Each structure stands twice: as structure tokens, then as C-alpha cells.
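In what follows, every heavy atom counts, from backbone to side chain, and hydrogens, waters and symmetry copies are set aside. Treat the numbers as computed from the prediction; the structure is a model and nothing was measured.
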Amino acid sequence: MSLGWKLFAVFLAFLTVLATVIVVAFRERRRARAIPQDDLAAQQAADGRVLAIVFGAIFGGMMLTLLVAWLVFL
């Protein structure tokens, strides 16, 4: 397998991570709109889930960066 195909596979993995974050974050925000204004605990939990997805994706992006560096430089 050539380097170009390997990098293309990493690019597809990046798009998968990005699409997952967008879908889950928007779905969670849509569900959070149904939470009553006086239920602060539920609102904070919804915000926490969105942040967990976003920061989890950051770590996934870091792993993809390491994978690209490994593919290119070794």
C-alpha cells in the first residue's frame, strides 16, 4: 500500500471523527432544548456530555496526528 493510500485512510478516519462529533453534539443540543429552564442539573449534564464528546475527539485527533507522523517519517 502506498503512502498516498495510507494518508487517504487517515483522512477518512479524520472525517469520521469530525462527522461523529457534529452529529452527536447537535443531537445532544436538540435534546437539551426540551429540558425545562428550572432543571439546572439536567442542563449541566447535557453540557457535560457535549464537552466530553468534543474533548474526546481532540484526543482522537491527536492520535491521528501521531499516526500521520509515523506513516510519513518512518
- Could you walk me through whether Leu7 and Val72 pass the side-chain contact (heavy atoms from CB on, under 4.5 Å) check? CA-CA 9 Å; Leu7 292 177; Val72 171; 4.1 Å; yes

- Remaining members of hydrophobic cluster (4.5 Å side-chain criterion), Met63: Leu66

- For side-chain contact (heavy atoms from CB on, under 4.5 Å), just list the numbers for Arg27 and Val50, CA-CA rounded to whole Å, side-chain angles, deciding distance to a tenth of an Å, and then say yes or no. CA-CA 9 Å; Arg27 185 185 65 197; Val50 170; over 6 Å; no

- Item | Pairs flagged by ring pair (Phe, Tyr, Trp, His ring centres under 6.0 Å) wherever residues 5-44 is involved - sequence neighbours left out | Trp5-Phe8

- Are any side-chain N or O atoms of Gln43 and backbone N or O atoms of Pro36, one a donor and one an acceptor, separated by less than 3.5 Å? yes

- Minimal non-hydrogen separation, Leu3 against Leu71, with atom names: CD1-O, 3.6 Å

- Are Val24 and Val54 linked, directly or through other ILVMFWY residues, by side chains that come within less than 4.5 angstrom of each other? yes

- Message: Using the rule that Ile, Leu, Val, Met, Phe, Trp and Tyr join whenever any side-chain heavy atoms are under 4.5 Å apart, tell me whether Ile35 and Leu40 fall into a single cluster.
- Response: no

- Message: Using the rule given for side-chain contact (heavy atoms from CB on, under 4.5 Å), can you reason through Glu28 versus Ile53, listing the C-alpha separation, both sets of side-chain angles and the distance that settles it, and then say yes or no?
- Response: CA-CA 10 Å; Glu28 187 60 40; Ile53 291 297; over 6 Å; no

- Note on the structure: One should read off an interatomic distance between Arg49 CZ and Arg29 CZ, to the nearest 0.5 angstrom, of 10.0 Å

